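Being a predicted model, the structure only gives us computed values, none of them experimental. Values below: every heavy atom of this structure, side chains too, minus hydrogens, waters and symmetry copies. Just so we're on the same page: letters track the sequence lines, and every chain starts at 1.
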Protein chains: 2
Amino acid sequence: MRGETVFKRTFNKTLDYLTANEIGNTIPSENVLTEILKASRTTVRKVLEELQARKIIKGTAAKRVIVRHAKPTEYFPDNETVATSAQVEKKFMEWMLRGDRKAGDIVNGLELTRQFGVSTSAIREYLNRFSRFGLIERRPNSSWIIRGFTKEFALELFEVRELFETRSAIAFTSQSESSPAWQSLRKLEKEHRSLLKEISNRYHDFSDLDDRFHRLINNASNNRFIVDFYDIISLIFHYHYQWNKANEKQRNRAAILEHLDYIESLLSRDPQRVQLACKSHLNSARKTLLSSINVQALTPDEEQR
Amino acid sequence: MRGETVFKRTFNKTLDYLTANEIGNTIPSENVLTEILKASRTTVRKVLEELQARKIIKGTAAKRVIVRHAKPTEYFPDNETVATSAQVEKKFMEWMLRGDRKAGDIVNGLELTRQFGVSTSAIREYLNRFSRFGLIERRPNSSWIIRGFTKEFALELFEVRELFETRSAIAFTSQSESSPAWQSLRKLEKEHRSLLKEISNRYHDFSDLDDRFHRLINNASNNRFIVDFYDIISLIFHYHYQWNKANEKQRNRAAILEHLDYIESLLSRDPQRVQLACKSHLNSARKTLLSSINVQALTPDEEQR
DNA sequence: TATCAGTCTTTTATCGAAAAGAGACAACAA
DNA sequence: TTGTTGTCTCTTTTCGATAAAAGACTGATA
């Protein structure tokens, strides 16, 4: 009943691994591969069997050798490597954020079932998990209701974000000098500077950097609720910015500069400076999100003007 | 596949309703009953049919009349009126909080299935929903892991609680005079005073009052994330205090006094006073929770000393 | 003109099955 | 010892079926 997504993903990963090694080399033991590939040995063995069958590797279990590197066509297609649950997430976010859902609209689970081509249980499970993002609400024995990706949502999200991140940033400054967080911060600073230099070509890379930077700060809170909350922000930003490309380059450039200022304040360990930098960065992040909600909320009619 | 829990619950509720009315009275229309009983008309009709069959009511659909009041034995037993999902919650919380689960322990879904007598899906769904409480953590394609109801958990919970409630309490004071929240607050104040007078007998009633009081305050934030977060606190307190009865009377008496002080500060609309009262109350709430965790954390061996 | 009950359709809650994948154990080798 | 592979068992993921419950549509009634 389970599509072999883990197997296929692991298989592709193994091809990458083999390609990175010379032909003729011996392959690590199954146990070691388990570590490298982050899958169970059951799956690893299945992969090795398939590799033997395809004559990509040869030899007995005791000593397996790379015969050749795989052709790109031998990889499993990407869409077969993602679990149903992950597919549902992607489809649902698209349906939710791009479909112009209004507050009060009803989510018809069965309709999603048909639209997404997955079982009722998959939809049901996702809606349950998704409810923590505050965009839908359940009515027992009845359907889900959309709360809407509205201005209010963004404001509430940022109210909590600011509360949490200010606190985390201050906690960050009081970490001991030996904490690995400082090293990560310096590394991130470098990445920011190098991205800034090549901003014209690489501006898409910012969103990943942004995510890692804020996550590092929030982690300093050492509070599971604060850390978990960042998942909501991360998801919203991930999907929303994927579709709102207006002024992306300028926006990202400005954000990098703010980050650098923010990083400097953290390195100074001066709580007041940190608070200021944090607040001012989150303010512009809020503005960006709000403006893109307004764009989206326009009806086709209004957009023409 | 669905046990008739909604039907049975509605049936019991209808018996209550009929008992509150005189024999011989006409019964409201199906539509009106739908409102009163908070169930669909489909269910209401099923109930009415059953009532006819049992000769508790009589007449045609156009005019139905109460024939007699029901005997206590005619009610469906309580346990048949709760949905599987709700049963799972209760059983799981008991398993989790009383079973002395340690951080790092593994949750075996199948074992719970057997223990609780429900299907895998029911367990799965509950674990998913429960994960937002921060007590368990999922590892994809593998089992859930217990994070433990530990001192750290309580401290993290209270860190966020304090952040949220302080902000909500201050938001409370800036509500317009006409907001219904003020009326609710005054009503709660009265309830506190009357409970205080009868504290010797009615001290169990405090936990419900506590819940409503804090919920009222948190609602003033007008922020779904803050409001939703209170569900976590509410659940933890609900189950935990149900099992920790040590010094209940004194504890509750002290808490009522703190609440009254807190309410007074809210009525004064003085932010500084509010902040103080809020903080000091949450401090003692934290202490109470922490002390009961320590009691629970004792091994049987230690308890003997 | 709204509200009623009768009837029919659609959706949700719950279950159990089946396959993928994880993990445990034993026997062997280095 | 420590790590290896072969084998077996148990758990998780996903699906589809089915009964309960919700909801929509109808003509009748008042």
- request: Give a yes or no on whether a donor-acceptor pair under 3.5 Å exists between the nucleobase atoms of dG23(C), that is its base, and the side chain of Ser142(B).
  value: no
message: Any donor-acceptor pair, under 3.5 Å, between the side chain of Thr42(A) and the base of dA22(C), if you only look at N and O atoms?
response: yes
OP1 or OP2 of [N] versus the side-chain N and O atoms of [X]: is any pair under 4.0 Å?
X: Ser40(B); N: dA22(D); answer: yes
X: Thr43(B); N: dA21(D); answer: no
X: Arg114(A); N: dT11(C); answer: yes
X: Asn31(A); N: dG3(D); answer: no
X: Lys46(A); N: dA20(C); answer: no

- prompt: Are any non-hydrogen side-chain atoms of Asp231(B) and Arg132(B) less than 4.5 angstrom apart?
  reply: yes
Minimum side-chain heavy-atom gap Leu110(A)-Arg114(A) below 4.5 Å: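 Yes. Closest side-chain heavy atoms under 4.5 Å.
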Measure from the side chain of [X], starting at C-beta and using heavy atoms only, and say which of [options] lies closest.
X: Arg2(B); options: dT11(D), dA22(C), dA19(D); result: dA19(D)
X: Arg41(B); options: dT7(C), dT14(C), dG21(C); result: dT7(C)
X: Glu4(A); options: dT11(D), dC15(C), dA20(C); result: dA20(C)
X: Ser143(B); options: dC15(D), dT12(D), dT5(D); result: dT12(D)
X: Arg64(A); options: dT11(C), dT5(D), dT11(D); result: dT5(D)

Interatomic distance, [X] [atom1] vs [N] [atom2] [rounded to whole Å]:
X: Glu49(B); N: dA5(C); atom1: CD; atom2: P; answer: 14 Å
X: Leu48(B); N: dC4(C); atom1: CG; atom2: P; answer: 13 Å
X: Leu33(B); N: dT3(C); atom1: CG; atom2: C1'; answer: 14 Å
X: Lys63(B); N: dT3(C); atom1: NZ; atom2: C1'; answer: 17 Å
X: Trp144(A); N: dA13(C); atom1: CH2; atom2: C1'; answer: 13 Å
X: Ile106(B); N: dG23(C); atom1: CD1; atom2: P; answer: 7 Å
X: Leu110(B); N: dG21(C); atom1: CG; atom2: C1'; answer: 13 Å
X: Glu30(A); N: dA22(C); atom1: CD; atom2: C1'; answer: 14 Å

query: If you pin Val32(A) and Thr5(B) to their nearest nucleotides in DNA chain D, which one's is more 5'?
result: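 Result: Val32(A).
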query: On DNA chain D, nearest-nucleotide positions of Lys38(B) versus Gly3(A): which is more 5'?
result: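 Looking at DNA chain D, the more 5' nearest nucleotide goes with Gly3(A).
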Once you apply a heavy-atom cut-off of 4.0 Å, does [X] come out as touching a base, just sugar-phosphate, or nothing?
X: Asn141(B); value: sugar-phosphate
X: Ala83(B); value: sugar-phosphate
X: Val107(B); value: sugar-phosphate
X: Ser29(B); value: sugar-phosphate

Assess whether a salt bridge exists between [X] and [Y], defined as any Lys/Arg side-chain N lying under 4.0 Å from an Asp/Glu carboxylate O.
X: Lys102(A); Y: Asp100(A); value: yes
X: Glu4(B); Y: Arg9(B); value: no
X: Arg129(A); Y: Glu125(A); value: yes

- request: Return the orientation label for the Phe149(A) and His240(A) ring planes: parallel under 30°, perpendicular over 60°, tilted otherwise.
  value: tilted
- prompt: Is the Phe133(B) ring parallel, tilted or perpendicular to the Phe130(B) ring (thresholds 30°, 60°)?
  reply: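 Aromatic pair Phe133(B)/Phe130(B) classed parallel.
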- line: Contact check, residues 120-140 of chain A vs DNA chain C, heavy-atom distance under 4.0 Å, returns Arg124(A), Arg138(A)
query: DNA chain C: Thr84(B) or Ala39(A), which has the more 5' nearest nucleotide?
result: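 Whichever sits nearer the 5' end wins; that is Thr84(B).
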- request: Scan for ring-ring contact (aromatic ring centres under 6.0 Å, His included) pairs involving residues 95-122 of chain A, sequence neighbours excluded, and state none if there are none.
  value: Phe92(A)-Trp95(A)
Listed pairs under 3.5 Å, donor-acceptor, residues 75-85 of chain B side chains, sequence neighbours left out:
| unit_1 | atom_1 | unit_2 | atom_2 | d |
| --- | --- | --- | --- | --- |
| Tyr75(B) | OH | Asp16(B) | OD1 | 2.7 |
| Glu80(B) | OE1 | Lys8(B) | NZ | 2.8 |
| Thr81(B) | OG1 | Asp78(B) | O | 2.6 |

